[in-house]
2 protein chains.
Amino acid sequence: MKLPHDHGNCECSENLIEKMPSLEGFSIASDIFKLLGDANRVKLFWLLCHTEECVTDLAAMMDMSSPALSHHLRFLKASGLIVSRREGKEVFYRSADTEFSDMLHHIIEDVVEIACPDKFS
Amino acid sequence: MKLPHDHGNCECSENLIEKMPSLEGFSIASDIFKLLGDANRVKLFWLLCHTEECVTDLAAMMDMSSPALSHHLRFLKASGLIVSRREGKEVFYRSADTEFSDMLHHIIEDVVEIACPDKFS
DNA sequence: TTAACAATTAAACGATTGTTTAATTGTTAT
DNA sequence: ATAACAATTAAACAATCGTTTAATTGTTAA
């Protein structure tokens, strides 16, 4: 690819484009970040990394309505980050036991720690 | 906090709420993820982690209009993830040399690798 | 001081996202 | 079967976000 301006580093920038992941790759990455781009959803996922709970209790812990909560649970489940099981009238949710889910859990705790160390004890 | 339902794990869930980071903490975390919640912005940040370029060349590399690009550069700069310097008529951007910027760079490459290993050579 | 180029800003528009309200499905106990 | 509770779904609404177009600011060279 020929760039409009040449500042002597064209070799670096132009070669970079060859090595660059496809937009689809970045799109998949951004979809994952989008999942965590909502404070309530991060909080919810963090909770489900630490305990398994039914929707009613989660709604109380999150201080949210159950429809709103269901909505977020839906996304997290569709992405494979969380799993659910029914027990009688209740449905229990918890984080999926996958390498990927674990990685995001740690990223969240890293980010929260870096962003506001005093907020995390 | 008293939960509506008791499944025997109340000690776990109720103690969790005490240890839980504040919503503000999660909000700061989600703001960071929101930054990367757009494919063009992830791609742009990734590029700026690997090279320093002027807006015109970045627009060519990103296949975007310069106003659209400026818009995204603004957010990334406001968050401290990238820095800029003017040289004559041109403004050059690159990733900030901080621990935090470096961490996100690696997270992106990890995520892209996990999400689509074949997309990254 | 103009003219030309680089970059940013502002306003308008369309698309997406999250919450609410109401209706519906699924399960258990009477 | 019916009543009560748990959870999900659907439709409507408000808010946010990204792109476009047009205007503006900043810099250099003629």
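Naming convention: chains lettered A, B, ... in sequence-line order (proteins, then strands); numbering from 1 in each chain.
- At a non-hydrogen distance threshold of 4.0 Å, A:C54, A:V55, A:T56, A:S66, A:P67, A:S70 from residues 53-73 of chain A come into contact with DNA chain D.
- With rounding to whole Å, B:N40 atom CG is found 14 Å from C:dT16 atom P.
- Rounded to whole Å, atom C1' of D:dG18 lies 14 Å from atom CG of B:L44.
- Of the listed nucleotides (C:dT17, C:dT28, D:dG18), D:dG18 has the atom at the smallest distance from the side chain of B:D38.
- Taking the six-membered ring for Trp and thresholds of 30 and 60 degrees, A:H105 and A:F45 have ring planes more than 60 degrees apart, a perpendicular arrangement.
- At the phosphate of C:dT9, OP1 or OP2 sits under 4.0 Å from a side-chain N or O atom of B:R74.
- Considering only heavy atoms from C-beta on, B:M61 stays 4.5 Å or farther from B:K43 through its side chain.
- Phosphate proximity of D:dC17 to B:R41: absent, as no side-chain N or O sits under 4.0 Å from OP1 or OP2.
- Residue-level contact check: A:Y93 touches the backbone only, with heavy atoms under 4.0 Å from sugar-phosphate atoms and none from bases.
- In this structure, CG of A:L76 is placed 16 Å from P of D:dA7, rounded to the nearest angstrom.
- Between B:W46 and B:H50, the ring-plane angle classifies as tilted under the 30° and 60° cut-offs.
- Distance, B:R86 CZ to C:dA7 C1': 7 Å, rounded to whole Å.
- Comparing B:V91 and A:G88 along DNA chain C, the residue whose closest nucleotide (by nearest heavy atom) sits nearer the 5' end is B:V91.
- Residues meeting the side chain to side chain donor-acceptor pair (under 3.5 Å) test with B:S84, sequence neighbours left out: B:K77.
- B:E90 places its CD atom 11 Å from the C1' atom of D:dT28, with the value rounded to the nearest Å.
- For the pair B:K34 NZ and D:dA15 C1', the interatomic distance rounds to 11 Å; values are reported in whole Å.
- Under the 4.5 Å side-chain criterion, counting only non-hydrogen atoms from C-beta, A:Y93 is not in contact with A:E52.
- Put simply, NZ on B:K89 is 6 Å from P on C:dA6, counting in whole angstrom units.
- Residues A:C49 and A:S95 share a closest heavy-atom pair of CA-OG, 3.5 Å.
- At a threshold of 4.5 Å between non-hydrogen side-chain atoms, the residues B:L73 and B:L48 count as touching.
- With rounding to whole Å, A:H7 atom NE2 is found 12 Å from C:dC5 atom C1'.
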